[in-house]
2 protein chains.
Amino acid sequence: MAHPSFAVTVDLVVLTVRTDELCVLLVRRGVEPFAGQDALPGGFVRPDEDLGTAAARELAEETGLVVGHLEQLASYGAPDRDPRQRVVTVAHLALVPDQPVPTAGSDAAEARWVPVHEARGLAFDHDRVLADGVERARAKLEYTALGTAFCPAEFTVAQLRRVYEVVWGRALDPRNFHRKVTGTPDLLAATGETTTRDGGRPAQLFRRGTADQLHPPLLRTDT
Amino acid sequence: MAHPSFAVTVDLVVLTVRTDELCVLLVRRGVEPFAGQDALPGGFVRPDEDLGTAAARELAEETGLVVGHLEQLASYGAPDRDPRQRVVTVAHLALVPDQPVPTAGSDAAEARWVPVHEARGLAFDHDRVLADGVERARAKLEYTALGTAFCPAEFTVAQLRRVYEVVWGRALDPRNFHRKVTGTPDLLAATGETTTRDGGRPAQLFRRGTADQLHPPLLRTDT
DNA sequence: GAGGTTGTCGTCAGCACGACGATAAGCAGC
DNA sequence: GCTGCTTATCGTCGTGCTGACGACAACCTC
């Protein structure tokens, strides 16, 4: 039985929080189609690798970033999404701590961080993929401990709070947030160290704890 | 540029609640590989159709069921998941009200309802796909109004409650559940009609409302 | 030391929830 | 009709989490 033949790619929505903005990693396309336009990083799945493996490989090859969290997002396969041939892409969502994009060894055009609200007019259906990824990230922060994926190995409660504020675009009360995250068992692990960053009282440093679910969730009210 | 060629299929996790059990729709495979074993319904994506379109088409062709809700679940593409060739499947999750499987016109072997806890040893990686689908359904019922997707067009609060009890495997207090669902704006729309089913006081009949999110969610405590 | 900035602890009212009592409205049996 | 049973619906009460906000602690600069 002969079945239609597809090309399968993985595309990556790589998000981070830097300079008080939610940013996505984009690459400039050098070849047709959509040459000169921005696109999400990605590439073809190899004949002998799994989808998740391909996503991790592309992330390492194209960006070299330290990754905080990687999960499958969704698949997109509209018949005309690639003018060359029938392509189904399996989009993945990666949350990474703030870090500069390594310039060396990238096999694509230079990658760079772009605030998500400025990332419009992407190649293929990547506008839609990006929107879905951002939406997924916003939703998951409500009921999981994934905010820590945006933070470095050691971080303060204020850094974690700023992540939530940036992702949700909403100010949070520092005292209530502190009570919530420190009150959830195994969410954070104190290191005993403290940090002074800009003038205030030194803050405790934490690592990620073993808990990955938040019960009850954060941000339940609309206002 | 020549890229590896994949076959792309859609597989369907079709769930319903019947006889106080969460059931999944399975078909008996008639051809190799895995001939004689049970599998999720599904089929190849056609050259000119979208993934969601393919899922809806397969659902209609293979089962003819009335569908309450259909969404993409996840994609699976382990290199050895199909011994014949490289196949990537885009699994979809369908929630449908309780109804018998139409026997006529099915182009696959006869489909039937099987309680999910009895559905083991499926073909391909369908054990995993089914587990992911059930998990997704359980999670989504917490914070969306998707429980109504398991109910017929008109239903009582008790029917909806039984859906939640079966999916979660946990008894719910009828009075608190009633307060919750009737207190959420636009979740249910009263028809004004009542039904007598088995001896008790007649219950009000409702239709699905316009709200699809539950804020705050149900079932927040662990016990 | 004064003033500013940031981190952390406490208090309090409001609201949603779980537990559960009470009433309403049908049916079966006598 | 009345009793008993079943199911639906309304109310009440205590508890726990939340948002708003006051207070204090511990660093900085001047």
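Letters A, B, ... are given to chains in the order of the sequence lines, protein chains preceding strands, and every chain is numbered from 1. Just so it is clear, the values below take in all heavy atoms, side chains as well, and ignore hydrogens, waters and symmetry mates.
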Between B:Asp38 and B:Arg112, does at least one N-O distance fall below 4.0 Å, as a salt bridge requires? yes

Are there more than 12 heavy atoms of other residues, nucleotides or ligands under 6.0 Å from atom CZ of A:Arg128? no

For B:Val129 and B:Leu73, which heavy atoms make the closest approach, and how far apart are they? O-CD2, 3.9 Å

One should read off an interatomic distance between B:Gln72 CD and B:His92 NE2, to the nearest 0.5 angstrom, of 5.0 Å

Test: ring-ring contact (aromatic ring centres under 6.0 Å, His included). Region: residues 187-210 of chain A. Which pairs qualify, not counting sequence neighbours? none

Output the residues of residues 200-208 of chain B in contact with DNA chain C, where contact means a heavy atom of the residue under 4.0 Å from an atom of the strand; sort by number or write none. B:Gly200, B:Arg201, B:Pro202

In whole Å, I'd like the distance from the CG atom of A:Asp173 to the P atom of D:dG22. 11 Å

Answer yes when A:Arg28 and A:Glu110 have at least one side-chain N-carboxylate O distance shorter than 4.0 Å, and no when they do not. no

Positions of residues 151-166 of chain B (non-hydrogen atom under 4.0 Å from DNA chain D), listed by number: B:Ala158, B:Arg161

Judged by modelled atom types alone, do B:Asp11 and B:His126 share a side-chain donor-acceptor pair under 3.5 Å? yes

A:His215 NE2 to D:dT18 P, in whole Å, measures 12 Å

Looking only at heavy atoms, what is the nearest atom pair of A:His69 and A:Glu71, with distance? NE2-OE1, 2.8 Å

Looking only at side-chain N and O atoms, does A:Asp50 offer a donor or acceptor that is under 3.5 Å from a partner on B:Tyr76? no

Residue-level proximity of residues 175-188 of chain A to DNA chain C when a heavy atom falls under 4.0 Å: A:Arg175, A:His178, A:Arg179

Given the rule in the salt bridge (charged side-chain N to carboxylate O under 4.0 Å, His left out) test, do B:Glu165 and B:Arg170 qualify, once you have shown the distances and angles that lead to the verdict? CA-CA 5 Å; B:Glu165 290 178 334; B:Arg170 175 195 160 174; over 6 Å; no

Heavy atoms only: give me the nearest A:Val10-A:Leu51 pair and the separation to one decimal. CG1-O, 3.9 Å

To the closest 0.5 Å, what do you measure between CG (B:Leu146) and CZ (B:Arg138)? 15.0 Å

Nucleotides 13-15 of chain C: which of its N/O atoms have a protein N/O under 3.5 Å away?
none

Could you go over nucleotides 28-30 of chain C and give all protein N or O partners under 3.5 Å, atom names and distances?
none

Gap separating the CG atom of A:Leu25 from the CG atom of A:Leu15, nearest 0.5 angstrom: 9.5 Å

Shortest non-hydrogen pair, B:Leu218 vs B:Leu141, comes out as CD1-O, 4.5 Å

When you compare the side chain of A:Asp212 with that of A:Thr144, does any pair of heavy atoms fall below 4.5 Å? no

